[in-house]
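Order of listing sets the numbers, starting from 1, for every ligand and every atom in it.
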Amino acid sequence: MYSGLINKYRDFFDFNKATTPVSLSEGRTPLIRAYNLESIFNQDIKIYLKFEGLNPTGSFKDRGMTAAVTKALEDESKAVICASTGNTSASAAAYAARANLKSYVIIPSGKIAKGKLAQAVVYGANILSIEGNFDDALEIVKKISKEHNITMVNSLNPYRIEGQKTAAFEICDDIKEFDYLFIPVGNAGNITAYWKGFKEYQEKSLIKYPPKMMGYQAYDSAPLVVGHTVKNPETVATAIRIGNPASKNTALDAIKESNGHIDRIRDEDILAAQLLLSSKEGIFAEPASAISFAGLIKAFNEDLMPHGSTAVCVLTGNGLKDSDIILKSDYSYKNLPSDYKAIEAYILKEGLI
Ligand SMILES: *Cc1c(COP(=O)(O)O)cnc(C)c1O
């Protein structure tokens, strides 16, 4: 029986033999071939979507959290703490509940998608909302975890990266080598983790070559693109609204070593990509996740991808977490009487079917 990614990839972790993982059977997410999206590009490229929104709390953060919380228990920590744009707090709260640990989550006031906040509440986190952004919250968390026996479970915790690298393993287990990995970049832990995973698989000769790492940031939250910290980052993609990425150096290394690319995408193009994923493929990813597909569109239009390339887009989180973003914009529905004839007349109206 599948029992989570630590048991599955135990040889790639350094936990004690006797340690039982804190797991919600995270990982083993589907890699979905996007035939309808491929037709937009005249079948010039092959596209796969790694749908991480199907993890237990709806984002890839669960991969890192199973490892970080397992380690916190090994170390006899009493609580976990994180700064969060939403998904880390949801995941930390769930895994802390599973491990009988307390959790503290520090979030930027008013800037968290409602579904994510609801998760932190229901899993029983101590939620501390501050009048600052993610970067401010992370500075506080780093200090508290240094002074007290509370484990920081942000991606600066190396076990987060260890857990998250397994997504790279899974893709290679499914399709072996491929050419491009498109991935959102916020605090830059995940791109760091994927690169580590691909390199470990290459060292063990499980793949011949790693993909090029294609990282994408939101236009007004793009410190790695503009080359300096962004004081007041803004974007609809709240999960990557980060002005000072903690793992910037390892992210830039990954891009350089893989001959990859880093770029930024405007909010309207992020939302357009989100709609393409949902309306063409039936996959509802949150805005931060859709930036990986928006990145693919941009890279294709800039002729960065030769004919016949294979690309994987990482869809980091589930769209249900942020339904407000969809319902805020114009969406169409018809008000009709509760009446068979009226509904039938509407459906049969010229041009509808
Ligand atoms: C955390 C998160 C990201 C960004 O990942 P980093 O490791 O911070 O770069 C992207 N998308 C979603 C949905 C996330 O939750």
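Ion pair Glu38/Lys280 not flagged as a salt bridge, since none of the NZ, NE, NH1 or NH2 atoms sits closer than 4.0 Å to an Asp/Glu carboxylate oxygen. Between Glu200 and Lys196 a salt bridge is recorded (basic side-chain N to carboxylate O distance below 4.0 Å). Ion pairing between a basic and an acidic side chain is recognised when a charged N comes within 4.0 Å of a carboxylate O; Lys298 and Glu302 show such pairing.
Atom 11 (N) of ligand 1 has its nearest heavy-atom neighbour, among Thr192, Ile242, Thr238, Thr316, in Thr316.
Looking at Asn190 against ligand 1, both its backbone and its side chain come within 4.0 Å, counting heavy atoms.
Set against the non-hydrogen atoms of Gly317, the atoms of ligand 1 under 4.0 Å away are 13 (C). Atoms of ligand 1 lying under 4.0 Å from any heavy atom of Ile240, numbered from 1 in the order shown and given with element: 3 (C), 4 (C), 10 (C). Residue contact check: Gly189 has heavy atoms under 4.0 Å from atoms 6 (P), 7 (O), 9 (O) of ligand 1. Counting the atoms of ligand 1 from 1 in the order shown, those under 4.0 Å from a heavy atom of Ala188 are 6 (P), 7 (O), 8 (O), 9 (O). In the vicinity of Lys61, heavy-atom distances shorter than 4.0 Å reach the ligand 1 atoms 1 (C), 2 (C), 3 (C), 14 (C), 15 (O). Ligand 1 places these atoms under 4.0 Å from at least one heavy atom of Gly186: 4 (C), 6 (P), 8 (O), 9 (O). Interface of Glu286 with ligand 1, defined as ligand atoms under 4.0 Å from a residue heavy atom, comprises 13 (C).
For the residue pair Thr85/Arg241, the side-chain donor-acceptor check at 3.5 Å is not satisfied.
With Phe13 as the aromatic partner, Lys165 meets the cation-pi criteria of under 6.0 angstrom to the ring centre and within 45 degrees of the ring axis.
Between Phe169 and Phe12, the angle of the ring planes lies from 30° to 60°, which puts this pair in the tilted group.
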